[in-house]
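Heads up, the thing below is written out as structure tokens.
Nothing here was measured: the structure is a model prediction, and the numbers come from that model.
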Amino acid sequence: MTHSDHKRYYTRFLNGHEGKLHFAAHSHHFWPDVTREAQLRYWDDTALASDEKWNKVFGEVMPKAQKHIAEILKLKDPHQIVFAPNTHELSTRLLSLFVGRPGLSVLTTSNEFHSWRRQILRLSEIPEVNVSIVSSENFMKDRRGVINELKKELTKKPDVFFLSQVFFDSGVAFTDEELLEISEAVESPTLMVVDGYHGFAAIPTDLSQLEGKIFYLGGGYKYGQGGEGVGFMVIPKGNWRPAYTGWFAEYAHLTKPQGALVGYSDDWMAFMGATQDPSGLYRFNATWDLFKSEYLTVEAIHNFVRDLQMEFLKAIPKTFIAGNNLTPLFDLNLKWHGHFLTFEAATLEEAEDIQEALKKARVLIDRRGKRLRFGFGLYHNKADVHQLLERLGNLAVKTQ
């Protein structure tokens, strides 16, 4: 398959962005054309069945999505994967396991995604909640130091340990082996939670040795290419009783501990919430049905994207980097990195100016504070990268 072949999957999104270079695949990846038919199929199923559609959603659509996710993550048991509109809802539901307890201790890092950062900072205002934050700013240069610091903090046995597989603001990633090493330092009763949103369906991930030991969060908005509404969490087996619960959990066969009024299942259904729009699951399934039929694995996708990234780095104008005083936040060999490359500007104002200049040049990227993120995806080819390099060169000349 040539570098241009993948574009045929994305004609509608590409037509919608004609003349623009959309290098924000890590922020909102384009959807394959098959997702439009899937969306209509959901509508038609609803028209035919109305309330009875939930039988198909729970009996066919969710199990298929669970199977796709399990295959992507190398999991044996797809029945431990729960869905929600977004991962924030799932992480909040997980935290609700501790409602009513005398205190809550959380270990996390300084570079977690916005919703978690905001939520955990808000909770830290409560006297009974203790949050320990290990700085991960230096992870690219001192991986061993950050890992050792995390392992040291884990000896204090926090209730929850929350860690990103790929840091959202840089693209720097933990390897499967590093996650396994860290998990071996986790002792009961600590719950280890890995935010895999920038790893899932992007970098090859094998959770087989972590299955049943960790919670893993991911979704379809980015590299899963199903769009909104496809948040999921892989959960270990256990008698979980989240306080934040909803009527969807009543679909399961419930077990009621003696004296308890609310029962929970012993699988993924224990973490189900309430009514949600299942159309995203239709779209997600359509995407991965297509990729499976085309033998397009996550490994193949990752290698394709890495080739584009290396093509970009081979010829990126030095005037763009030096002229704008940008600092790359990645190793140039990209041995193990996410699907976006991040450059940090000297000031927030300069980062805003560069992003605006790129927008005027019809180059769409995104920004997190001072950090400018260039994301690469299946709907790009080398010609797109060369166009990007040309526009960056012209931009650098204009800004000197």
key: Side-chain donor-acceptor pair present, N55, E52, cut-off under 3.5 Å   = yes
request  = Please confirm whether the backbone N or O of N381 pairs with a side-chain atom of D384, one donor and one acceptor, at under 3.5 Å?
outcome  = yes
message = I'd like to know if the side chain of H17 reaches the main chain of L14, judged simply by a donor and an acceptor atom lying under 3.5 Å from each other, with no hydrogens or angles considered.
response = no
query = Do the numbers put R93 on top of the ring of Y244, so that NZ or CZ is under 6.0 Å from the six-membered ring centre and no more than 45° off the axis?
reply = yes
key: Side-chain donor-acceptor contact under 3.5 Å, T327 with E344   = no
E37, CD atom: more than 12 neighbouring heavy atoms under 6.0 Å = yes
inquiry  = Has Y197 got a side-chain atom pairing as donor or acceptor with T87's backbone, closer than 3.5 angstrom?
reply    = no
ask   = Quick one: are T109 and L163 in side-chain contact, heavy atoms under 4.5 Å?
value = yes
message = Just checking H302 against H339, ring centres under 6.0 Å apart?
response = yes
inquiry  = Pair H26, Y223 - check ring-ring contact (aromatic ring centres under 6.0 Å, His included), show working.
reply    = CA-CA 7 Å; H26 58 289; Y223 321 96; 7.8 Å; no
ask   = Can you tell me if CZ on R122 sees more than 12 non-hydrogen neighbours from other groups inside 6.0 Å?
value = no
query = Quick one: do the Y282 and D45 side chains pair a donor with an acceptor below 3.5 Å?
reply = yes
Closest non-hydrogen atom pair, F174 against W336 = O-NE1, 3.0 Å
inquiry  = Whether the Q119 and S91 side chains hold a donor-acceptor pair (N or O, under 3.5 Å, no angle test) is what I'd like checked.
reply    = no
task = Taking the six-membered ring for Trp and the single ring otherwise, decide whether the centroids of F215 and W240 are under 6.0 Å apart.
result = yes
query = Take atom NZ in K151; do more than 12 heavy atoms of anything else shown fall under 6.0 Å from it?
reply = yes
message = Whether the side chain of D176 engages the backbone of D206 through a donor-acceptor N/O pair (distance < 3.5 Å, no angle test) should be reported.
response = yes
ask   = With no hydrogens and no angle check, do the side chains of S105 and N130 hold a donor and an acceptor under 3.5 Å apart?
value = no
query = Is the side chain of N86 donor-acceptor paired with the backbone N or O of E89 at a distance under 3.5 Å, no angle test?
reply = yes
ask   = Is the distance between the ring centroids of F374 and F23 under 6.0 Å?
value = no
query = Is it true that the NZ or CZ of R36 lies under 6.0 Å from the centre of W31's six-membered ring and within 45 degrees of the ring axis?
reply = no
message = For the residue pair W43 / S279, report whether a side-chain donor-acceptor contact shorter than 3.5 Å exists.
response = no
ask   = Hey, do the aromatic rings of F312 and F376 have their centres closer than 6.0 Å?
value = yes
note = For T46 and K53, the nearest pair of non-hydrogen atoms, with its separation, is OG1-CD, 3.4 Å
ask   = Looking at the rings of F167 and F113, which for Trp means the six-membered one, are their centres under 6.0 Å apart?
value = no
key: Side chains of L95 and T92 in contact at under 4.5 Å (non-hydrogen atoms)   = no
task = Answer yes or no: is there a donor N or O on one side and an acceptor on the other, between the side chain of T205 and the main chain of I203, under 3.5 Å?
result = yes
inquiry  = Contact between E211 and K74 at the side-chain level, heavy atoms closer than 4.5 Å - yes or no?
reply    = no
query = Any donor and acceptor pair, going by atom type alone, linking the side chain of D33 with main-chain N or O of T11 inside 3.5 Å?
reply = yes
request  = Check whether any side-chain N or O of R362 sits under 3.5 Å from a backbone N or O of G19 as a donor-acceptor pair, and report yes or no.
outcome  = yes
ask   = Is it true that F58 and F248 have ring centroids separated by less than 6.0 Å?
value = yes
ask   = Are any of the side-chain nitrogens in K359 or E356 under 4.0 Å away from the carboxylate oxygens of its partner?
value = no
inquiry  = Strictly below 4.0 Å, N to O, side chains only: are D289 and K64 in salt-bridge contact?
reply    = yes
request  = For residues H22 and F13, establish whether the separation of their ring centroids is below 6.0 Å.
outcome  = no
ask   = Quick one: are I316 and F343 in side-chain contact, heavy atoms under 4.5 Å?
value = yes
task = Step through it carefully: locate the ring centre of Y221, locate the ring centre of H29, and say whether they are under 6.0 Å apart.
result = no
ask   = Is the side chain of T35 donor-acceptor paired with the backbone N or O of P32 at a distance under 3.5 Å, no angle test?
value = yes
